[in-house]
Amino acid sequence: MAEQRLRIAIQKSGRLSEGSIELLKSCGLTISRGKDKLYGRVQEMPIDVLLLRDDDIPEFVSDDACDIGIVGQNVFEEERLAVTREAPAREVRTLGFARCKLMLAAPKDWSFDGAGMLAGKRIATSYPGLTKAWLESHGVSACVVTMKGSVEVAPRLKIADAVCDIVSTGATLDANGLKPVATVFESQALLIRNAKGFSAAKQAIFDALMKRINGVLTSRDAKYVMMNAPRSAIAAITEFLPGAEAPTILDLAGNPDKVAIHMVCRESVFWDTLEELKKLGASAILVLPIEKMMA
Ligand code: PRP
Ligand code: ZN
């Protein structure tokens, strides 16, 4: 029997591509791409990578064309609202990158004072499902015009009064004389999987990959923090450090009142954090990145 390989769909080029490839790299996977650049093969695990348009990923993963995929929550939710499938792809977990917002935006000279202003207006969007759901939940009836791209030019062309589009830096809206007025949906990268269940062999590859992905994501912000401190300050320091687990306390040679405290801290450690630790009595504070972590 031919070797079973897990097929993962990622975005070919766009908001999610870099983060998706980087995540696989952090999992210790190198992708050698084929000549057409639409297909890649992972060397270290039996995994194939398909490079697709983000909008096509939910469908590929719902069909058996791909087993798993990385897609924006915006695209996944829109597809879920707009298309009825027999066995839609299922969410596995959010991935913490490619954050953006789907926002209603209007010409800069509008003095926007609430959803009611959109009543009877024409709103251009590539996300009619999410836009209509938001309007409905705000009790507003408006005319939603679906456009595949270049939504931001619709008001200038008088095709629409307002738009509902993806915003990350806000530069596109700004360049087109628009301002964001309300957030419809907050999005980040999402790992999805085929809902029909895998063969035992594929499930094993999937489980191994998930262990690595979970490990990478938990260690991403995690730091190993070391410091010296008065024995009496242990409780206050442990309580103060965000997301820290049971610390290791070590005696300091020749100094019975002081200890070394070592701990894994699961959230970002900022300069403010260090200054606060000093106030609590800590000295010689070291913050080290954690490369890998597995529970
Ligand atoms: C969105 C949106 C804008 C841009 C906004 O497109 O339609 O063009 O991003 O980004 P900014 O706020 O940083 O200027 P997207 O990348 O989702 O393109 P796609 O529809 O082709 O996937
Ligand atoms: Zn797209």
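None of the values given here were measured: they were computed from a predicted structure. Read the numbers this way: they start at 1 and go in the same order the structure lists the ligands and their atoms.
- By the 4.5 Å heavy-atom criterion applied to side chains, Arg193 and Met210 are not counted as neighbours.
- The nearest protein heavy atom to atom 19 (P) of ligand 1 is not closer than 4.0 Å.
- Here the protein heavy atom with the shortest distance to atom 13 (O) of ligand 1 is Thr169 OG1, 2.5 Å.
- Atom OD1 is the N, O or S atom of Asp54 at the shortest distance from the Zn ion (ligand 2).
- Of the N or O atoms in Asp165, one or more lie within a sub-3.5 Å distance of an N or O in ligand 1.
- Atom 17 (O) of ligand 1 has as its closest protein heavy atom Arg15 NH2, 2.9 Å.
- In terms of polar-atom proximity, Gln11 is not counted as a contact of ligand 1, lacking any N or O under 3.5 Å from an N or O of the ligand.
- Partner of Asp165 under the side chain to side chain contact (heavy atoms under 4.5 Å, CB included) criterion, out of Leu104, Val151, Thr131: Val151 alone.
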Trace of the salt bridge (Lys or Arg N to Asp or Glu O under 4.0 Å) decision for Lys278 with Glu275: CA-CA 5 Å; Lys278 272 201 99 75; Glu275 279 152 18; over 6 Å; no
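- At the shortest separation from atom 22 (O) of ligand 1 among protein heavy atoms lies Asp54 OD2, 3.3 Å.
- The ligand atoms of ligand 1 that sit less than 4.0 angstrom from a heavy atom of Val167 are 12 (O).
- Less than 4.0 angstrom separates some heavy atom of Ala171 from each of these atoms of ligand 1: 12 (O), 14 (O).
- Within the 4.0 Å heavy-atom cutoff, Gly170 counts among the residues contacting ligand 1.
- Within the cation-pi definition used here (under 6.0 Å to the ring centroid, within 45° of the axis), Arg7 does not qualify as a partner of Phe60.
- Atom 10 (O) of ligand 1 has as its closest protein heavy atom Ser168 OG, 3.5 Å.
- The distance criterion of under 3.5 Å between nitrogen or oxygen atoms is not met by Tyr127 with respect to ligand 1.
- Proximity of Ile166 to ligand 1, defined as any heavy-atom pair under 4.0 Å, is shared by backbone and side chain alike.
- The nearest pair of heavy atoms linking Val144 to Leu135 is CG2-CD1, 3.7 Å.
- With rounding to the nearest 0.5 angstrom, the OG1 atom of Thr218 is 11.5 Å from the CD1 atom of Ile213.
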Asp67 vs Arg5, salt bridge (Lys or Arg N to Asp or Glu O under 4.0 Å): CA-CA, chis, key distance, verdict: CA-CA 9 Å; Asp67 301 303; Arg5 299 180 70 85; over 6 Å; no
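- Shown here for Asp54 and Val71, the closest heavy-atom pair between the two residues is O-CG2, 3.8 Å.
- Counting only heavy atoms of the protein, atom 14 (O) of ligand 1 lies nearest to Thr172 OG1, 2.5 Å.
- Contacts between Val151 and ligand 1, counted as non-hydrogen atom pairs separated by less than 4.0 Å, are absent for every part of the residue.
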Worked check of salt bridge (Lys or Arg N to Asp or Glu O under 4.0 Å) between Glu276 and Lys279: CA-CA 5 Å; Glu276 211 48 49; Lys279 281 189 205 151; 3.6 Å; yes
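- When distances from the Zn ion (ligand 2) to the N, O or S atoms of Asp55 are compared, OD1 comes out shortest.
- Side chain of Asp63 to main chain of Ala65: no donor-acceptor pair is present (N/O by atom type, distance under 3.5 Å, no hydrogens or angles).
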